[in-house]
Each structure stands twice: as C-alpha cells, then as structure tokens.
Engineer: 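Sharing a structure below in structure tokens format, with a few things to ask.
Throughout, numbering of the chain's residues begins at 1 and tracks the sequence. No hydrogens, no waters, no symmetry mates; every other heavy atom, side chains included, goes into these values.
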Amino acid sequence: MTTASPARNPISWHDYFALRKSRKNWERAGAVFGGTTGFVGGSYYFGAVAEFDPTRQLFGISDPVVGYVLATLAVGAGCGVTGLVGAGQIWRLTAKKGTMAGLDARDREFFHRIQRYRPKEIAAAVPVPTGRGAMPDYYGEKINSVADYKEWLKKQRQFIVSRSKGKNPYNNATGTDSSGSPTF
C-alpha cells in the first residue's frame, strides 16, 4: 500500500520550537500586561469612581467591599485572558504568511505525535502520586526543543511500561484485554 508523501514543510523542527517559544512569550507578556492593566483599571474604577454605599447590597453580597474586590478581580482576569488572546493574534499578524502556514502544519503534526505517543486516557485517569511513576507531561507543554521531545518520548515509554505491570503495552491498541477490562 502506497500513500502520497505530504508536502515538505518549509519550517524545520528547530525553527518550529523557536517560533512556538516566541508565540508563548508574546502570549504571556500580553496576559501579564492585560491582567495588570485590568486590575489597576478595575481598582481605580471601583475604588474612586463607582458610588460606594455601605448600606446597599452589591451583586447580592451584603458587604459591598467584598463585591467590589470580586468585581476588580474579575475585570483583571477578563483583561488577562483578552491580553493573552490579543497578543497571540498580534504575533500571528506580524509573522509572515508562509511562516504561519508552515507553523500551523507543524502544530498539527506535533499534536498528532503527542496524541500518538502519550498514554491512553484511561491510564491517565488513574491517580498516581507525584514523583516516581507519576504521569509525565501529558500535553507536551514543556517540550521546547527536539532534545526535550526525545526525553518526553522516553518518559512516556517508561510510564507506559511501568503501568503495564509486565505486559507488553504495545500489543493491544484499544487499551483493553479480551474481557473488555482496561489494561494498564
């Protein structure tokens, strides 16, 4: 059976991880800026501009100070999320169009690789204490280079083998034995 080989991606894996890191840094900076701006703005509004009547309930809370503090935190959180998304979109707009197509293709390929080599969800649902034998980075968020990816693969294999208790975890693609019980 032959399949058509996919078109060669113009972005190497090293460039992909560098672009991914740059995008994450922009998103983090946007989230920090947006959250800080929202918190300061909300603090100013609810502390100096909004009418404060200690005898009135605010948002169903008997103490209006608690309501104002919660509203300030909500404004800060909302602006933080907005800053994260906005900075990511600004980063995408400043990058070259061909780079974005290649990056999106590498993102899909990377996600499929992560999905393929991480433990099955049933094994991940079983709680394991942190430390030795703990579930390694399930989503691959800490992978920042090809070397990190190879180390991640190694940890995934070790986890799968340690959870299989002597069984060959690669024999059964469904993750269940002949009786339908999950295999670990």
Engineer: Could you state whether Leu153 and Val146 fall into the same hydrophobic cluster, counting links through intermediate Ile, Leu, Val, Met, Phe, Trp or Tyr residues with side-chain heavy atoms under 4.5 angstrom apart?
Structural biologist: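 Shared cluster, yes.
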
Engineer: Any chain of hydrophobic side-chain contacts (each under 4.5 Å) joining Val40 to Phe46?
Structural biologist: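 Different clusters.
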
Engineer: Shared ILVMFWY cluster between Tyr138 and Tyr117, side chains joined below 4.5 angstrom?
Structural biologist: no

Engineer: Nearest 0.5 Å, please: how far is NZ in Lys155 from CH2 in Trp152?
Structural biologist: 11.5 Å

Engineer: May I ask you to decide whether Arg106 forms a salt bridge with Glu109, counting only side-chain N to carboxylate O separations under 4.0 Å?
Structural biologist: yes

Engineer: Would you say Lys24 has more than 12 foreign heavy atoms packed within less than 6.0 Å of its NZ?
Structural biologist: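 More than 12 within 6.0 Å, yes.
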
Engineer: To the nearest 0.5 Å, tell me how far Arg113 CZ sits from Ile143 CD1.
Structural biologist: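 One finds 11.0 Å between CZ of Arg113 and CD1 of Ile143.
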
Engineer: Please round to the nearest 0.5 Å and tell me the distance separating atom CZ of Phe110 and atom OH of Tyr149.
Structural biologist: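 The CZ atom of Phe110 sits 7.5 Å away from the OH atom of Tyr149.
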
Engineer: In chain order, what residues pass the side chain to side chain donor-acceptor pair (under 3.5 Å) check against Asp107, with sequence neighbours excluded?
Structural biologist: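 Asp107 satisfies side chain to side chain donor-acceptor pair (under 3.5 Å) with Tyr16, Arg23 only.
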
Engineer: Taking side-chain hydrogen bond (donor to acceptor under 3.5 Å, both in side chains) as the cut-off, I'd like each qualifying pair that reaches into residues 75-91, sequence neighbours left out, listed once.
Structural biologist: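 For residues 75-91: Ser22-Trp91.
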
Engineer: Do any pairs count as a side-chain hydrogen bond (donor to acceptor under 3.5 Å, both in side chains) and have a residue in residues 28-43, sequence neighbours left out, and if so which ones?
Structural biologist: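 Every pair satisfying side-chain hydrogen bond (donor to acceptor under 3.5 Å, both in side chains) with a residue in residues 28-43: Asn25-Arg28.
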
Engineer: Which side-chain N or O atoms in residues 68-75 pair as donor and acceptor under 3.5 Å with protein atoms at least two apart or in another chain?
Structural biologist:
{"unit_1": "Tyr68", "atom_1": "OH", "unit_2": "Glu51", "atom_2": "O", "d": "2.4"}
{"unit_1": "Thr72", "atom_1": "OG1", "unit_2": "Tyr68", "atom_2": "O", "d": "2.8"}

Engineer: Transitively linked via ILVMFWY side-chain contacts under 4.5 Å: Val65 with Tyr44?
Structural biologist: yes

Engineer: Identify the two heavy atoms, one from Leu19 and one from Ile11, that lie closest to each other, and give their separation to 0.1 Å.
Structural biologist: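 Closest pair (atom of Leu19, atom of Ile11, distance): CD1-CD1, 4.0 Å.
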
Engineer: Quick one: pull up CZ in Phe33 and SG in Cys79 and give me the separation to the nearest 0.5 Å.
Structural biologist: 10.0 Å

Engineer: Under the salt bridge (charged side-chain N to carboxylate O under 4.0 Å, His left out) definition, can you give me all pairs with a residue in residues 138-153, not counting sequence neighbours?
Structural biologist: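 Applying salt bridge (charged side-chain N to carboxylate O under 4.0 Å, His left out) to every pair that reaches into residues 138-153, excluding sequence neighbours, yields nothing.
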
Engineer: If you measure from OH on Tyr139 to CD1 on Ile114, what distance do you get to the nearest 0.5 Å?
Structural biologist: 12.0 Å

Engineer: How far does CG of Asn144 sit from CZ of Arg20, to the nearest 0.5 angstrom?
Structural biologist: 6.5 Å

Engineer: Taking only residues two or more places apart in sequence, or in another chain, which ones meet Asp104 in a side chain to side chain donor-acceptor pair (under 3.5 Å)?
Structural biologist: Arg92

